[in-house]
Structure formats: structure tokens, C-alpha cells
Amino acid sequence: MPAVAVRIPFFNCSTIPEFHVEISTNPIPVGAQFLVSVTTDEDLGLVSAGIPALGIDLTSGPATVTGTGVAFAQTIDISVAMGLEGRGTLLVSVSAVSGMTFTGTTTRGAYLLRPASTGWECCC
């Protein structure tokens, strides 16, 4: 199987509990498939997660994406919720299913903390 590099950096770590995760790969072989998932621990509620450009909703579980022989670059939009003084962990992962082998980082996590007095903080 051909190797396909993948990078999934977090960005927009702001004062509200919303994240945008970019998935960018080299050309994916036609028909090859990979799985994208977004999970949170029990202290962090996943409000919404998906890839709007592809019409994919990730709140109900992983989604399979099929390659078309071109480079793939999409953004996952994620919103989470937790109470005051809350904390939690967000995890985004991408894994090869068939017709390809990923190299590079395929899992990325962020730790969120919300002190009651200072608002949202996050660490990627």
C-alpha cells in the first residue's frame, strides 16, 4: 500500500470551547479509505463535530472518507461544553482503513480547563 502523510494540527484555541482541526494529506489513492473520529472524555461534552465541506457528522461516531486520487485538505469543526471549574480532554484521530498507509502524526489531543474566574483555557 502506498504511504500517505497526514498532519492534523489544532488551531483557534481561543476563549470559547470551539476548535478547528485541519486534516491535510498527500494524494490519496483512488478508492482508498481512512477513518476520522473525534472523542472526548466524560468531563467534556461533545456538542458538535464534523467536516462541513463533506457533509460528515462526527458526533455519532467515526466517519469513513474515500480517496479520489487527489490531495485531501479539510477542516473539522468541533464544539464542546463543560461546567465552571470543569476540565476535559479532546482527541482527534485519523486512521487508514484500506488502500493506504499513513505516516506522521495521526492522533492529536487537547486538554481543556475552565476556571470559574478566568474563562476558558486550553492546551494542545
### Message
Please find the pair of heavy atoms, one from A49 and one from T59, that lie closest to each other, and give the distance.
### Response
N-CG2, 3.2 Å
### Query
Tell me, do T64 and F34 make a side-chain contact under 4.5 Å, heavy atoms counted?
no
### Query
How many angstroms lie between atom CZ of F19 and atom OG of S79, to the nearest 0.5 angstrom?
10.0 Å
### Query
With a 4.5 Å heavy-atom cut-off, do I78 and L46 have their side chains touching?
yes
### Task
Please report the closest heavy-atom contact between L58 and I51, naming both atoms and the distance.
CD1-CG1, 4.4 Å
## Note on the structure
In terms of heavy-atom contacts, I56 and A63 come closest through CG2-CB, 3.3 Å
### Message
I need the N26 CG to M100 CE distance, nearest 0.5 Å.
### Response
9.5 Å
### Query
Are S93 and S37 close enough that a side-chain donor and a side-chain acceptor fall under 3.5 Å?
yes
#### Entry: Distance, nearest 0.5 Å, that separates CD of Q74 from OG1 of T25
10.0 Å
### Query
How close do A81 and V47 get, heavy atom to heavy atom, and via which atoms?
CB-CG2, 3.6 Å
### Task
Would you name the heavy atoms of T40 and L90 that are closest together and state the gap between them?
CG2-CD1, 3.7 Å
### Message
Any non-hydrogen side-chain atom of V4 less than 4.5 Å from a side-chain atom of T103?
### Response
no
### Query
So, does D77 use its side chain to make a donor-acceptor pair with the main chain of H20 at under 3.5 Å?
no
### Task
State, with a plain yes or no, whether a side-chain heavy atom of V70 is found less than 4.5 Å away from one of P27.
no
### Task
Please assess L54 against F72 for the test side-chain contact (heavy atoms from CB on, under 4.5 Å), listing each intermediate value before the final yes or no.
CA-CA 11 Å; L54 300 179; F72 179 90; 3.7 Å; yes
### Message
Do Q33 and V65 have side chains that approach each other closer than 4.5 Å (heavy atoms only, starting at C-beta)?
### Response
no
## Note on the structure
Nearest heavy-atom approach of V6 to V94 is CG2-CG1, 4.5 Å
### T107 side chain near L91 side chain, heavy-atom distance below 4.5 Å
yes
#### Entry: Distance, nearest 0.5 Å, that separates CD of E22 from CD1 of I76
10.5 Å
